[in-house]
Each structure stands twice: as C-alpha cells, then as structure tokens.
Amino acid sequence: MRAAVVEELNKSLAIRIVPDPECPPDGAIIRVGANGICRTDWHLWTGDWAWRGLEIKPPFVLGHEFSGTIEEVGRGVTQWKKGDRIIFPMNPGEGTCEWCRSGNQHICDSGAKLVPGVSYWGAFAEYVAVRHADVNLVRLPDAISFVDAASMACRYMAAFHAVVDQANVRGGEWVVVHGVGGMGLAAVQIAAAIGGRVIAVDISDKALAAARELGAVHTIQSRIEDPVEAIRSLTQGGAQVSIDALGIAETCRNSVLSLRKLGRHVQLGHTTRKEAGYVPLPIDVILLHELKLYGAFGMQGQRFGTMLTMCEAGILKPGQLVKQKVGLDGVNNVLEAMGGYDTIGVTVIDKF
Ligand SMILES: [Zn+2]
Ligand SMILES: [Zn+2]
C-alpha cells in the first residue's frame with residue numbers, strides 16, 4: 001500500500017509503498033476514507049513530546065483521526081463486517097479494565113498502547129489496523145462523509161466531550177474558548193449550537209474570523225487586548241465556562257481567571273515541552289470562587305450517538321471546520337505550516 005512514512009524526525013515524509021498491515025484477531029483493517037492532520041502529528045514528527053514519553057521510532061506512519069470502510073475483520077470480531085462504514089475514536093480501550101467496564105474506554109488503562117499513528121503505524125496510508133474493533137468502532141451514517149467524519153475522530157469529539165459532557169454547558173451561559181485552532185473552533189461551534197454565548201480568544205486574526213463564522217458572538221485579539229479584563233467586562237464579572245483549547249501556561253491561567261464565581265474550567269489542550277505538564281494557577285482564586293476544574297481527553301465510542309444525530313440534523317456541522325483537503329503528497333506542506341502556527345481549522349487527507 002501507499003503510505004507517507006516518517007524516515008527521520010523533522011524531515012519530509014517519504015511517499016512510498018510499504019507492506020499492508022496484518023489484521024489482529026480482535027481488530028479490523030480499515031480502508032482509510034479520510035484522515036485529519038493533527039497537531040499531535042506535528043508534536044510526534046518534531047520529537048516535541050519526548051518529555052511525555054511519547055516518541056515515535058522511524059520508520060513510522062502517523063495518522064490517528066480517520067474514517068473509512070472495513071476491509072477485513074479478525075476472527076474474534078462479532079459486530080462488524082467487510083464494507084461497514086466507520087469512525088475510529090482516537091483514544092480506544094481494550095474493554096476489560098475498570099474504566100472500560102464503566103463505559104469510559106477513552107481513559108482505558110491500556111489505551112496508550114492502542115492508538116494507531118501514535119503507538120503503532122497509523123492512517124497516513126491506504127490501510128490501517130485497529131485493535132478491539134467490537135469495543136471501539138463507531139458506525140458512520142451514510143449521510144456523513146468520510147471527510148466530515150475524520151474531522152470528528154479526534155479534535156471535534158474531544159471538544160464535544162469538553163463542552164457537553166464535562167462542562168455541561170447550558171443555554172445562555174457565557175463560554176470562553178482560549179485558542180481557536182482546530183479543537184478550539186470545534187468547541188466554538190458546539191457551544192454555540194447548544195445555546196452558549198461564545199467568546200473566542202486567539203492571537204490570529206484569521207482564526208478569530210473563522211470563530212465568528214462558526215458562532216462566536218465576540219472575539220478577543222489577545223495580542224492587542226488583555227483577554228481576562230475584556231472577558232470580565234463583556235460578561236459583567238466572568239464567564240460560567242472557560243476552555244483552554246491550546247495548553248500553554250498563558251491560556252490555561254487566563255482561562256481560570258476568566259471565570260465568574262462557581263465557574264467551570266475545562267483543560268482541552270495538552271501542554272507543550274515548555275510547560276512539561278505544569279502550569280502555575282491562581283489557587284486562592286480557585287478556592288475563594290469555588291471554581292471547578294475538568295479535563296477532557298477524547299470521547300468514548302458509545303457517546304458518538306448524540307453527536308452524530310446532531311450532525312445528521314444539521315445542528316452540528318463538522319465539515320465547516322475543514323479548511324483544506326490534500327493528498328498524501330500534500331502532508332509535508334501542512335506539517336511545515338503547523339510549525340509556524342500558519343494553519344486554520346482542520347486539514348484532511350482525502351486521497352491516498
Ligand atoms: Zn488528533
Ligand atoms: Zn480498558
């Protein structure tokens with residue numbers, strides 16, 4: 001099969017023929033219909049996440065946000081057959097640990113070993129193998145295209161989990177999204193769709209314009225304005241919900257400081273090498289204002305039903321976040337542009 005192969009970190013991917021993946025007994029081989037290019041791919045390609053223990057060893061094939069058609073199932077798989085259209089949620093489980101058995105496969109104890117494109121070869125290729133197909137795969141309705149579905153397999157579903165499941169945003173609440181890259185824009189669209197009054201914060205005018213198109217009622221250019229002051233003034237005291245969709249010290253701290261009393265902060269962006277997982281936060285404010293802090297990491301397969309129904313009904317439009325489609329040979333340009341934070345929304349590979 002054709003694949004885009006990382007042969008050396010930080011060097012152009014080579015488009016070449018590699019062996020087809022083998023089908024695991026509990027898994028499936030997916031013919032990739034579309035695959036999103038994520039900042040996680042960039043972190044892995046540059047070696048930026050070695051401090052987290054997340055390293056790839058070239059040669060390696062990236063790609064963890066994909067949809068497609070089942071080509072083959074393992075002998076232990078009972079729920080799926082060749083030809084089924086699927087989405088693969090980016091953080092799968094193995095089905096038996098405490099978290100999987102309680103319906104929380106996305107935080108499975110063994111999850112880190114099961115992610116295509118992170119723990120083994122992924123979907124910047126014609127075919128990809130997935131493990132534990134019965135536990136994780138999500139049926140893709142015919143009305144939703146592979147491109148729209150690929151954009152949902154990682155960032156969009158994580159944003160949905162953050163806004164709907166973790167922050168539990170209610171109609172009329174102020175929702176601030178700090179950092180409107182692909183995941184932040186998804187949070188903007190979802191929060192606006194369920195009735196939140198959304199404020200988007202970013203340093204990029206292009207990203208802020210995209211946020212307005214997706215439903216933000218206010219945007220704050222944080223190079224020019226102090227976002228915390230601007231938010232406290234707009235909302236007369238702070239937002240009920242604030243989401244850090246970027247993960248740097250400044251956006252995390254600003255998110256917590258944007259909240260009114262009893263507000264809910266959601267951490268949706270991973271930190272970078274600079275923070276290495278640690279960000280100083282205003283602890284006394286958290287205490288005195290009785291703030292709540294949540295994490296959001298992907299979403300379990302069985303929670304897709306609500307999100308896909310909202311897509312079919314036209315309430316959510318993940319395709320609006322897809323700003324660029326490329327072939328496998330277009331991946332290098334996209335990864336390079338990500339280094340300069342020069343990409344808007346989501347880019348999807350749709351030709352292999
Ligand atoms: Zn991703
Ligand atoms: Zn598990």
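Note that these values count all heavy atoms, side chains included, but never hydrogens, waters or copies made by symmetry. Every number for a ligand or one of its atoms is a count from 1 in the order of the listing.
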Exercise. Please confirm if an N, O or S atom belonging to E94, backbone or side chain, lies less than 2.8 Å from the Zn ion (ligand 2).
Key: yes

Practice problem: Check whether NZ of the Lys or CZ of the Arg R85 lies under 6.0 Å from the centre of the six-membered ring of F146 and within 45 degrees of that ring's axis. | Solution: yes

Quiz item: Under the 6.0 Å and 45° cation-pi test, does R273 pair with W51?
Solution: no

Quiz prompt | Side-chain H-bond candidate by donor/acceptor type, T272 with E275, under 3.5 Å | solution = yes

Exercise. Before accepting this row, confirm whether a basic side-chain N of the pair E7/R16 lies closer than 4.0 Å to the acidic partner's carboxylate O.
Key: yes

Practice problem: Output yes when R31 and E71 qualify as a salt bridge under the 4.0 Å nitrogen-oxygen rule, no when they do not. | Solution: yes

Quiz prompt | Heteroatom count (protein N, O or S) under 2.8 Å of the Zn ion (ligand 1) | solution = 4

Exercise. Would you please indicate yes or no on a ring centroid separation below 6.0 angstrom for H106 and H161?
Key: yes

